[in-house]
Amino acid sequence: MTEPGASPEDPWVKASPVDDEDSDYHQEAYKESYKDRRRRAHTQAEQKRRDAIKRGYDDLQTIVPTCQQQDFSIGSQKLSKAIVLQKTIDYIQFLHKEKKKQEEEVSTLRKDVTALKIMKVNYEQIVKAHQDNPHEGEDQVSDQVKFNVFQGIMDSLFQSFNASISVASFQELSACVFSWIEEHCKPQTLREIVIGVLHQLKNQLY
DNA sequence: CCCACAGACATAAGTCTATT
DNA sequence: AATAGACTTATGTCTGTGGG
């Protein structure tokens with residue numbers, strides 16, 4: 001739609017007052033020209049603003065993957081602005097959820113790394129002790145059996161630890177750890193675990 | 001303080017397009 | 001062809017800002 005009588009080439013054509021001696025008319029003509037000039041500039045500015053908005057929607061449609069899915073039965077139909085906005089909102093919510101999931105995964109993996117590092121240090125100490133005293137206790141059981149005993153005990157402890165511990169906050173973690181130690185690390189309980197593991201291994205071996 | 005200006009928003013009217 | 005819905009365009013109004 002074009003403005004009636006508007007000429008895009010000469011937007012400021014009415015900007016100067018007309019050459020007339022009549023001051024009232026002169027004034028009126030000047031006012032009118034200012035009004036026209038103002039209207040023209042405003043129309044241009046408004047066009048610019050609408051272009052910017054349109055560009056924004058186009059960019060959204062390009063960036064948001066769910067806006068790019070096309071129904072091939074219809075062809076590459078342009079989505080309405082309302083749909084582009086809704087799909088953008090949905091996509092941002094999806095990204096937020098994904099980010100949260102990945103952060104949780106990273107946290108879990110960090111804990112695994114810490115545990116593995118501790119275990120590595122412990123094993124290195126054991127290996128070093130063996131190297132320092134290679135002949136101590138020739139009648140000792142094999143490394144495999146020792147590992148099985150260790151593994152059985154640690155598995156049992158880990159199961160009770162995993163069932164008792166929540167890591168939502170440090171306070172909660174700390175409270176859970178203390179309660180777990182009280183409940184599952186009593187001498188009597190540990191004794192039962194060790195005996196149970198040894199029995200189990202004995203049955204497997206013989 | 002007044003005026004000019006720019007930008008944002010609202011609205012009416014026109015245009016385009018898919019559907020019935 | 002009629003119609004509905006989405007979109008565009010021009011214009012009016014309001015508000016904030018900066019210069020004289």
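In what follows, chains carry the letters A, B, and so on, assigned in the order in which the sequence lines appear, proteins first and then strands, with residues in each chain numbered from 1.
With sequence neighbours excluded, the residues satisfying side chain to side chain contact (heavy atoms under 4.5 Å, CB included) with A:Glu192 are A:Gln188. For A:Gln93, there are no side-chain hydrogen bond (donor to acceptor under 3.5 Å, both in side chains) partners at least two apart in sequence or on another chain. Residues satisfying the side chain to side chain contact (heavy atoms under 4.5 Å, CB included) test with A:Glu124, not counting sequence neighbours, are A:Lys120. The salt bridge (charged side-chain N to carboxylate O under 4.0 Å, His left out) test applied to A:Lys117 returns no partner, not counting sequence neighbours. Remark: A:Lys97 engages no residue in a salt bridge (charged side-chain N to carboxylate O under 4.0 Å, His left out) (not counting sequence neighbours).
Rounded to whole angstrom, the span from the CD1 atom of A:Ile83 across to the C1' atom of B:dA18 amounts to 14 Å. Nucleotide C:dA6 holds its P atom 13 Å from the OH atom of A:Tyr57, rounded to whole Å.
Phosphate proximity of C:dG5 to A:Lys81: absent, as no side-chain N or O sits under 4.0 Å from OP1 or OP2.
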Enumerate the protein-to-nucleotides 7-10 of chain B contacts in which both atoms are nitrogen or oxygen and the separation is below 3.5 Å.
| residue | atom | partner | partner atom | Å |
| --- | --- | --- | --- | --- |
| B:dC9 | N4 | A:Glu46 | OE1 | 3.0 |

